[in-house]
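Values in this document were obtained by computation on a predicted structure and should not be read as measured data. Proteins come first, then strands; the chains are lettered A, B, ... in the order of their sequence lines, and each starts at number 1.
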Amino acid sequence: MNSGDPLVERLRWQLGPGTVDGPLADERCRVRVDGTATAARALRLLADAGVPVVIEGEPAAGAAVLTVERMNALLGLDAESGVAHVQAGCTWRRVEWLLRRRGLTLGPLPAWLLERTVLESFATNDRLRPSPRYGQLTDGALAFAAVLPRGGIARSSVAPRRSTGPDLGRVPVGARHRGGLLTEVHLQAWPAPEARAWRAIERPDWSSALAAAVAVLRAGVQPAWWRLDRPRPRGPVRIWASLVETAGNERPATRFDAVVGGAGIDAAEVEAAAAALFPPVSPDAPRAATTPAFGTVAWAPRATLPAVAAAVEGAEVWDVAPEGGTVYAPAPLDELQVRRLRDLGAHIDTGGDEGGDEWQPLAEAVFARLAPRTSSE
Amino acid sequence: MQHSGARDSETAALLAGLRSDVGEAHVATGAPDRDAYSRDLWPRSLLDQIAGDPPTLPDAVVWPGSVDEVAAVVRRCAAARVPIVPFGAGSGVCGGTRPTHGGIVVDLKRLKRLRRVDAEAGVIEVEGGFVGELLERRLEAEGLTLGHFPSSIICSTVGGWLAGRSAGQLSSRYGKIEDMVVDLEVVTGDGRVRRTPPAGAPGAGPDWNQIFVGSEGTLGIITAATLRVHPQPTARRFRGWMVPTPEAGFEVMRRTLQEGWRPSVLRLYDPLDTVMVGSGPEEKGGGRSLGRLKEALGEGAPALKRRATVAALSVPGLINRAVKALPQRSLLVTMCEGDEAEAGATDEAIARIARTVGGRDLGEGPGRKWYAHRYDVSFKQSKMYRSGAFVDTMEVATTWTKLAELYEAVREAVAPHVLIMAHFSHAYPGGCSIYFTFAGTGRTPEEMKARYDAAWRAGQDAVIAQGAVIAHHHGVGLSRVPYMDRVHGEARRWFDALKPVLDPAGIFNPGKVFSE
Ligand SMILES: Cc1cc2nc3c(=O)[nH]c(=O)nc-3n(C[C@H](O)[C@H](O)[C@H](O)COP(=O)(O)OP(=O)(O)OC[C@H]3O[C@@H](n4cnc5c(N)ncnc54)[C@H](O)[C@@H]3O)c2cc1C
C-alpha cells in the first residue's frame with residue numbers, strides 16, 4: 001500500500017517490505033532495520049531528508065523512531081577463540097542461550113540484564129555485571145560495527161588488543177546513540193563452567209568487608225560475580241561471591257575460603273538468593289525484572305568507598321577493585337545527598353554537568369560534528 | 001614554520017615567549033639538539049640517513065618542568081599555530097616523534113614526579129615523563145610493581161607507553177598499559193589541564209581514557225596518569241616446553257588463558273626463532289633472535305661471518321624456503337608468579353595442558369635464561385645498517401582461530417623481500433599477537449629502502465587482507481599512516497570529530513596516526 005509519502009516509499013524501497021509501518025508523522029510509526037547495511041541506508045536517507053532520528057526511544061515531533069528488534073541474530077561463532085559475533089539488537093538472554101547450547105558462556109548474567117539488549121548496555125555503558133573473572137560486558141568487545149549518524153559504516157577488525165590510535169570504538173559506548181548506532185559486536189565468550197560454588201560471608205562494617213574483598217583479589221582469586229550489601233542498617237555487611245570451577249581450575253573456592261573463610265552464611269540461603277539472581281536463560285524461562293531498581297550510581301575511590309557506602313541507606317557495592325568500587329543506591333538520591341557524596345570524592349552521573357563535568361561540553365561538541373547537517377548548513 | 005621575513009620575527013617572538021615560560025636553559029635551538037630530536041628509533045629513518053636524506057628538524061626543543069609549564073607552551077604554540085611534537089624518550093619505532101612539519105618538540109622528561117603511591121588502593125599517580133626503569137625501581141622499593149616491562153623499559157616513558165598503547169613482557173598477567181589506567185591528566189589544545197573521569201565511573205561517553213590512550217600526541221599531552229599497581233610477587237616459577245609445532249604451542253597458550261589462569265609470561269618461538277634463541281639453559285648471545293641478528297651483522301662481528309650473513313640475506317626467498325624445511329618444533333617459555341601457591345598451581349596447570357599436546361618439559365633453564373636476558377636488545381643499529389643490512393619488527397594481532405593463517409600469510413607475503421621469523425608473546429583468551437622480526441639487505445641505500453618498504457607493504461597488506469590488526473603495541477606513528485584509512489574506514493570520522501574539539505588549532509603532532 002502506497003503511503004503517499006515519498007520518503008516512506010524510498011525507505012521501504014531501500015530497506016525492504018514491512019520495514020516502515022506508516023507515515024513517519026504517526027507516532028506509532030517505526031523504521032525497523034535488520035542489520036548494519038539497512039541501518040546505514042535508513043540513517044542516510046533520513047539524514048539527507050533532514051529528519052531527526054530517535055533510536056529505540058520515545059517518539060518526538062518530526063522525528064523518525066528506529067528500532068533494532070529485528071537485528072537479533074548471532075552472526076558467527078568462533079568457538080576456539082570464544083568469540084561471538086552478535087547483532088546489537090539481541091538481548092543478553094538470547095546471546096547467552098545461543099552460546100550455552102555450544103558449551104560457551106558470557107559469564108554470569110543477573111536477572112536484570114537478561115532482557116536488556118546488547119545495544120542498550122553499550123549505548124548507556126551500563127556496568128551491571130560486576131565480574132573480576134569475566135569483566136564488564138561492555139568492556140569485552142573485540143570488535144564492533146556501527147553506523148555513523150550520517151549513514152557511514154564503521155567496522156573494526158577482530159582482535160583482543162590493538163595499537164592503531166585511540167580506541168575509536170569507545171566513542172559510541174555510553175553516548176546514547178549520539179556517536180552512532182552500534183549494530184554489531186564481537187564479544188568474548190568462555191568455556192561454560194562445570195560448576196559454580198557460591199560463598200557468602202559477613203563482616204561487621206563496610207571498611208572490613210571491602211578490605212576482605214580486596215584481600216580476595218590480591219590472593220589471585222577472581223570471582224565470577226560478586227557484590228556487597230548490608231540488609232539491615234548498621235548490621236553486618238555481606239559479600240556474595242560466585243566462584244567458577246572448571247575441570248582444570250578448582251582453586252578459586254578453596255582460595256576464597258583460605259583468605260576470608262569463617263562466618264559463612266547458611267548454604268541454603270545462599271543458594272536461594274543465587275537462584276533468584278541468576279534465573280535460567282532458556283527462552284521459555286519466566287521473565288524477571290527487566291531493570292534493576294537502582295536510583296543513583298556512584299563510583300568512589302578506595303579511600304572514601306566505605307564512607308560513601310555507609311552514607312547511602314540500602315547501598316550495594318559492586319565492581320570492587322583495589323582502587324575503588326561502584327555504589328548503587330536503591331532510590332534516586334536528592335541533590336543534597338549527591339553533593340555530600342561528591343564531597344567524598346564520588347563520581348555520580350546525573351545526566352547533566354552540574355558535577356563540574358568539564359568533559360560534557362567537549363562530548364557535545366564532538367557529537368555535534370557527527371550529527372547530520374541541518375538544511376541551513 | 002617558514003623562515004622568511006615576518007615569519008622569522010614571529011618565530012623569534014615565539015621562542016622568546018617559550019623561554020619566559022620554561023626558562024632560558026630549557027629551550028634549545030642549536031643544531032645538535034634539533035638534530036637529536038629529529039627522529040626516534042624508526043629503522044626507516046636510519047635508511048634515510050644513510051641514503052643522505054636528512055629528516056626535517058624541529059625549530060626548537062623545549063623541556064617544561066611542570067604541568068603548568070606544559071600548558072603555557074601549548075597556549076603559546078596554539079596562538080602562533082606552531083606544531084608541537086610531544087616527546088617521551090624517543091624509543092618509538094614508527095616515526096611518531098619525527099617533526100615532519102617543523103615546530104617545537106616538547107620533551108617531557110622533566111615531568112618525573114611520582115606524585116602519589118597508595119599501596120592500599122593499589123594505585124600510583126605518576127607524571128608522563130617518568131622513565132620506565134626508574135619507576136619500577138621506585139615501586140620495587142615500596143614492595144610494588146606496575147607489571148609493565150617493555151623491552152625498552154630503560155629508554156621509554158610512562159607518557160610514551162600510554163600514547164602508543166604499549167605492551168610489556170608480562171602482559172598476559174598484568175595487561176597492556178591501557179588496561180592499567182584509572183585516569184589521566186592531559187593538556188588539551190586550548191592549553192587547559194584536564195583530568196579524565198576514572199575508569200569504571202558512571203557517565204556518558206565517550207570513554208576519554210581510551211581516547212587519549214593511543215592518541216600518540218595528536219589529541220593532547222599526557223602529563224600524568226593514575227595507574228594500577230600490584231604487590232611484588234613473592235614467588236616465580238620458570239619453565240620451558242618444546243612443543244611439536246607452533247599450533248601445539250597456540251593450543252597450550254589458549255587453553256591456559258581460557259581456563260582462567262594468569263601466568264605472567266607465555267612466549268612461543270616459531271621454528272626458526274627457536275633455533276635462533278636456542279633451547280638450552282644458558283647459551284652465549286642472550287637468547288634473543290633480534291640481538292643475535294644484530295650481533296652477526298654488526299661491526300664487531302668477524303668480517304667473514306658478517307659477509308656470510310649479508311650474502312644469505314640477499315637471497316631471502318631461498319633462505320625462507322629452506323627455513324620451511326626446518327623441524328617444526330617450537331620453544332614455549334613460561335613464567336608464573338604470585339605467591340607460592342598461585343605460581344605453583346599456574347605452572348602445574350600449564351604442564352597438564354602442555355603434556356596433552358606432546359610438549360617436552362625442558363625444566364627451568366629456558367625460562368630463567370629468557371628472564372636474565374629479557375632486556376638484551378641492542379640499540380646500536382647504525383653499524384649494521386652501514387654494512388648493508390637492516391632489521392625491523394612488525395607486531396600484529398588476531399584471534400586464535402586465524403593465528404596460524406595470519407602467520408603463514410605474512411611470511412609468504414614478505415618472503416621474497418626479507419628473512420622473517422616470529423614469536424608469540426602477548427596472549428589473551430580470545431587471541432594473540434605475532435611479533436615478526438625481519439632482516440634484509442641491499443647493495444645501495446636506495447635498494448635497502450626499496451626492500452624495506454616492499455617488506456612492510458607486503459606484510460601490512462597481508463594483515464589487512466586477513467582481517468587482522470596491523471599493530472599490537474608499537475603504534476602508528478608515520479610508518480602505518482598509509483594503512484589507517486583502510487583499517488578504520490568510516491571510523492576515521494570519529495577521529496575527525498575529536499581532533500578539532502581537543503586540538504582546535506591543529507598543532508598536536510600533525511601528520512601522525514591519520515593522514516591530514
Ligand atoms: C629496543 C626496543 C624495544 C622495544 N620494546 C617494546 C616493547 O617491549 N613493548 C612496547 O610496547 N614497545 C616497545 N618498543 C617501542 C617503544 O619503546 C614504545 O613505543 C614506547 O612506548 C615509546 O615510549 P617513549 O617514551 O620512548 O615515547 P616516544 O618515542 O618519545 O613517543 C612515542 C609517541 O608518543 C607520543 N608521546 C610521547 N610522550 C607523550 C605524552 N606524554 N603525551 C602525549 N604523547 C606523547 C610521541 O609524540 C610519539 O608519537 C621498543 C623500542 C625499542 C627501540
Only pairs of heavy atoms separated by less than 4.5 Å count here; which of A:Ala303, A:Ala321, A:Pro172, A:Ala143 has the most with chain B? A:Pro172

Heavy-atom contacts under 4.5 Å, residues 156-165 of chain A to chain B: A:Ser157, A:Val158, A:Ala159, A:Pro160, A:Arg161, A:Arg162, A:Ser163, A:Thr164, A:Gly165

What class does the angle between the rings of B:Phe424 and B:Phe250 fall in, given that below 30° is parallel, 30 to 60° is tilted and above 60° is perpendicular? perpendicular

Tell me, for B:His474 versus chain A, whether the close heavy atoms (under 4.5 Å) come from the side chain, the backbone, both or neither. backbone

Sidechain-backbone polar pair: A:Gln188 side chain, A:Gly82 backbone, donor-acceptor under 3.5 Å: yes

With a 4.5 angstrom heavy-atom cut-off, is it the side chain or the backbone of B:Ala119 that approaches chain A, or both, or neither? backbone

Between B:Arg480 and chain A, with a heavy-atom cut-off of 4.5 Å, which part of the residue counts as in contact: side chain, backbone, both or neither? neither

Using a cut-off of under 4.5 Å on heavy-atom pairs, state which of B:Ile464, B:Val213, B:Ile353 scores highest against chain A. B:Val213

Which answer fits B:Val123, side chain, backbone, both or neither, if we ask what part of it has an atom under 4.5 Å from a heavy atom of chain A? side chain

Heavy-atom contact with chain A under 4.5 Å, split by part of B:Val513: side chain

Contact origin within B:Arg255 toward chain A - heavy atom pairs under 4.5 Å: neither

Go through the atoms of B:Tyr483 and report whether side chain, backbone, both or neither lie under 4.5 Å from a heavy atom of chain A. neither

Is it the backbone or the side chain of B:Glu395 that comes under 4.5 Å from a heavy atom of chain A, or both, or neither? neither

Between B:Asp207, B:Thr401, B:Asp496, B:Thr398, the one whose heavy-atom pairs under 4.5 Å with chain A are most numerous: B:Thr401

Determine the option with the most heavy-atom pairs under 4.5 angstrom with chain B, choosing from A:Arg155, A:Arg178, A:His186, A:Arg218. A:Arg218

Determine yes or no for a side-chain-to-main-chain donor-acceptor pair under 3.5 angstrom, with A:Asp257 supplying the side chain and A:Thr254 the backbone. no

ring-ring contact (aromatic ring centres under 6.0 Å, His included) between B:His488 and B:Phe514: does it pass, once the steps are laid out? CA-CA 10 Å; B:His488 284 280; B:Phe514 283 101; 5.3 Å; yes

Quiz item: cation-pi between A:Arg133 and A:Trp190, 6.0 Å / 45°: yes

Side chain / backbone / both / neither for B:Leu219 at chain A, heavy atoms under 4.5 Å: side chain

Chain A: which of B:Gly122, B:Pro429, B:Ala397 shares the most heavy-atom pairs with it under 4.5 Å? B:Pro429

